[in-house]
Amino acid sequence: MTDKLTPLREQIDAIDAQILALLSQRGRIAQEVGHVKAETDAPVFRPEREAQVLRGVAERNPGPLKNGDVQTIFREVMSACRALEKRVTVAYLGPPGTFSEQAVYQQFGSAVEGLPCASIDEVFRATEAGTADFGVVPVENSSEGAINRTLDLMLATTCVISGEVSIPVHHSLMTKTGSMDGVTVVCAHSQALAQCQVWLNLHHPGIERRAVASNAEAAVIASRDPSVAAIASEMAGEQYQLGVVQAHIQDDPHNRTRFAVIGTLNTNPSGRDHTSLVLAVPNKAGAVYNLLAPLAKHGVSMTRFESRPARIGTWEYYFYVDLEGHRQDEPVARALTELQDNAAFFKLLGSYPVGL
Ligand SMILES: O=C(O)C(=O)C[C@]1(C(=O)O)C=C[C@@H](O)C=C1
C-alpha cells in the first residue's frame, strides 16, 4: 500500500507547492489593491465582486470537487486576501455560537473580526456608530416568517443593506449531561421554540419552555445549570460543552434563515441582485394595487412582500418589498421612480447580490 501511496502523495505535495505559490501571488496583488483603495478611501469589502468570483468558480468548476466545496475554499481565499487589505469587523447577535455568527462566516469567511452584540438593536447601533464596519441581522425564517425587530430597525436607522446570506437552521436539544434526567426547563430564543414546537409537544409536552435572548444564551445557561436544556446549534453546544440529547428537532427539515448584511456601503450591480425597499400608501381602496402597478409595467418581479403596522394609532401599514434586479438596472430604476411618485412614504434599503 505504501508503495502505491508514496507517488500519489508526492504529486499532492507538488500541487500544494504550486497552490501555495499562487496564493502568495494572489495575496501580494490583494495588498496592491489595498494600497489603491486606501489612496481613494474606497471600500475594502466589495460584495458584488466576491459574489461574481464565487459564481465564476462554480460555473468553471471542472470537478470532481463539488461547487459548494470549491466556493467555500475560494470564500476563504478572498477572506484571507481581504484581511491583508483590512480586517473587517462585523457585528452580530451574540454570544458566539449563534446562527448569526455562522452567517457572518458564511458571508465573510473566517478572516473577519466578529463583534458579538446583546441584541439586534445593538447590532444596528454598532454598525451605525462605525464600531463595526458591517452588521449581520436575521430578516426572515422559512418556518416562522419575518423577524419584526429587524424590519422596524431597517426603517428607523440609516443602515442600508449591502448583502444577503441564507443558512440552514438545524436545532438540537442539548444538556450538560446529554440526558433529560432532572431537566425541568427548555430554554431557547422564541423563534427556535416556535420552530420546534411540534417536536416538543410530542416528546416533552410537560416541560416549561422559556424564551431567552438567543439560542447561544440558552446554551450558556444549560452549561451552568443541569436542570436546563437548551435548543441551539450543535456548534453552540460544542462551544459550551453540552451533550446532544436529540439532533435536528426543528419541525421543518428545510428550515433556513435569511440574514441581511447591513452597513453604509451601496453595493454595485453583480449581475444577479435583489433590491429592498419600504413603502406606505394612504389608507384608500385600491391604494396597494395601484402602488405596485409600476412593477408589472416594467416587468420587475417581486420576491417578497411583508407588512408591518405603522404603530401611529391608526390602521396604517409599512410594506417591505424585495425586487429582482439592482436599482441601477434600467427596468428597476424606472419602476422605483414611479413607485416613489405613487407612495406616501418610500425608503430604499439597498441593492445587493443574491445570496449563494
Ligand atoms: O477586487 C477587490 O476589490 C479586492 O479587494 C480583492 C478581493 C479578492 O480577494 O478577490 C478581496 C476583497 C473584496 O471584497 C473583493 C475581492
Side-chain angles (χ1 to χ4, degrees), residues 16 18-62 65-92 100-115 123 126-127 130-137 159-167 258-276 326-328 349-356:
D16 285 351
Q18 287 179 45
I19 293 174
L20 190 58
L22 288 171
L23 286 174
S24 300
Q25 211 176 320
R26 195 185 194 286
R28 280 193 296 275
I29 293 172
Q31 283 174 322
E32 276 181 50
V33 171
H35 294 139
V36 173
K37 286 182 181 174
E39 280 165 18
T40 52
D41 215 14
V44 166
F45 176 53
R46 299 293 299 269
E48 77 286 3
R49 171 69 183 156
E50 296 200 7
Q52 285 163 344
V53 171
L54 294 177
R55 287 173 200 155
V57 295
E59 277 158 22
R60 289 189 296 273
N61 177 21
L65 298 181
K66 290 187 183 141
N67 281 351
D69 293 336
V70 176
Q71 285 177 322
T72 302
I73 293 166
F74 273 81
R75 183 180 299 112
E76 283 302 321
V77 168
M78 279 193 288
S79 182
C81 287
R82 190 194 325 115
L84 290 174
E85 301 178 34
K86 178 183 184 273
R87 208 173 164 92
V88 176
T89 300
V90 184
Y92 66 92
S100 295
E101 188 193 31
Q102 270 181 39
V104 170
Y105 294 128
Q106 168 75 25
Q107 175 75 3
F108 290 89
S110 55
V112 67
E113 214 57 64
L115 179 67
V123 176
T127 309
T131 318
D133 299 299
F134 293 94
V136 166
V137 286
C159 292
V160 300
I161 304 179
S162 311
E164 70 172 353
V165 52
S166 155
I167 61 164
R258 196 162 70 90
F259 295 81
V261 178
I262 55 167
T264 53
L265 177 72
N266 284 311
T267 305
N268 286 334
S270 74
R272 269 190 65 213
D273 301 283
H274 280 151
T275 294
S276 296
H326 193 280
R327 65 204 279 192
Q328 291 176 21
L349 297 176
S351 291
Y352 47 87
V354 172
L356 291 178

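Whatever order the structure lists ligands and atoms in, that order sets their numbers, starting from 1. Starting from 1, each residue takes its place in the sequence as its number.
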R75: what forms a salt bridge (Lys or Arg N to Asp or Glu O under 4.0 Å) with it, not counting sequence neighbours?
-> none
Name all residues meeting the side chain to side chain donor-acceptor pair (under 3.5 Å) criterion together with S276; count only those two or more places apart in sequence or in a different chain, and write none if there are none.
-> D322, Y352
For this output row, return yes or no: ring centroids of F108 and F45 closer than 6.0 angstrom.
-> yes
Does R46 come within less than 4.0 Å of E48, counting only side-chain N to carboxylate O?
-> yes
May I ask you to decide whether D133 forms a salt bridge with K86, counting only side-chain N to carboxylate O separations under 4.0 Å?
-> yes
Using salt bridge (Lys or Arg N to Asp or Glu O under 4.0 Å) as the criterion, list what pairs up with R55, not counting sequence neighbours.
-> none
Anything with a heavy atom under 4.0 Å from ligand 1 counts, so go ahead and list those protein residues by chain and number.
-> R26, V33, K37, V44, F45, R46, R49, E50, M78, C81, R82, E85
